[in-house]
Amino acid sequence: MRRRVYNLEFRRKCREMTLFGYRFYRVDEYEDRLRALQHLTSSVGEYQIRAHTGGHAHTAYVDCPAPEPAAVLAWNNKDVSALADILLLLSLFTTRCVLVDADDDATNNTPLIIADPRVSPWGGVLATSIPYEPSRLEDEANDHTLYRIYDRGLEIHLNEVYRHIRDQNWLDLYRRGYFLLLFQWAIQQRTVNAAFIHCWTIWEHLFAILNDNWMSKNHIRKCPAVEKIAFMIVKYAVKERLSEKDKSRLHALANIRNRLIHYGAFPEEGIHSSNAVMFIRMTEFIVARILGLQPSNIFGTVEKFEEFLDSRLAGGRS
């Protein structure tokens, strides 16, 4: 079965990729369709792109295997295919909502799409955790022996990520990866306030499922926020160890959470807003770790956390 794919942006000169048996390939009008998407800045790469408000665009097709394998992530519908998992991963790693419609041969009507067509404001750490992987392919459109160098990174590493999360031990440990659905909702948030609260929920969720084999629900609920944050930071190697002084600095993050929940605003602007952004980037860092990747430090996440621990302004209890 062939289905239309919307909003999928391929890496430089990559014309097709196969993910777990699903073959994604560009439409003939890919250049025009790519330009029709939202672009926040102008750029020159494979194509010259101008900043553009944009919207949804049919950029690709996917040929589905028969029969389709079942999904493994925590979808509500047990009949969902693995394509749903793959579309979620593509959305996370391209920071656009990638989706499909019905069988392409069934209708030529443009579907009603209610998903957000805009680029996600967050998720950059995860997106840049997949490295450039150059590959050479003979260009069949030319009579001479010419080769096209294209970036195969997304295909190579998404297949590795998906194999990793389909492992039964991983699925049992992370409860079928429900945190990935939470993460998708988090990176789509348009304000720092909303993104921070969604990310806090992810940390609480992960702490709970990683410790409920020895802690009661009541114990988990009453565990101090600082201890939960510290556990996650050390477990996922944002920092190898935390001193008691370091832990005291973490009260600033708990203070942001408490003020947002109870008053709807940061304790103060400036430093607290920066700390909230740092926490969001740390969430992306942790998600990359859980997916088996080496997290990108393109935003200086590690260094900013070290500065946060050293800063006299970091401390403070709610």
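A tilted orientation is assigned to the rings of Tyr30 and Tyr47, their planes being inclined by 30° to 60°. Relative ring orientation between Tyr162 and Phe20 is described as perpendicular, the plane-to-plane angle rising above 60° on a 0-90° scale split at 30° and 60°.
Cation-pi contact between Arg175 and Tyr178: absent, since separation from the ring centre below 6.0 Å together with deviation from the ring axis within 45° is not met. Note that Arg281 lies in the cation-pi zone of Phe299, set by a 6.0 Å cut-off to the ring centre and a 45° limit from the axis.
Ring centroid separation for the pair Phe207 and Trp203 does not come in under the 6.0 Å cut-off. For Phe196 and Phe279, the ring centers sit closer than 6.0 Å to each other. Between His58 and Tyr6, the distance from one ring center to the other falls under 6.0 angstrom.
Around atom OH of Tyr132, more than 12 heavy atoms belonging to other residues, nucleotides or ligands sit under 6.0 Å away. Counting non-hydrogen atoms of other residues, nucleotides and ligands closer than 6.0 Å to CD of Glu303 gives a total above 12.
Using a 4.0 Å cut-off between charged nitrogen and carboxylate oxygen, Glu155 and Arg152 count as a salt-bridge pair. Comment: Glu16 does not engage Arg26 in a salt bridge, judged by the lack of any side-chain N to carboxylate O separation of less than 4.0 angstrom. By the 4.0 Å N-to-carboxylate-O rule, Arg190 lies close enough to Asp116 to be salt-bridged with it.
Hydrophobic clustering of Ile, Leu, Val, Met, Phe, Trp and Tyr side chains at less than 4.5 Å, counting indirect connections, keeps Val119 apart from Leu89.
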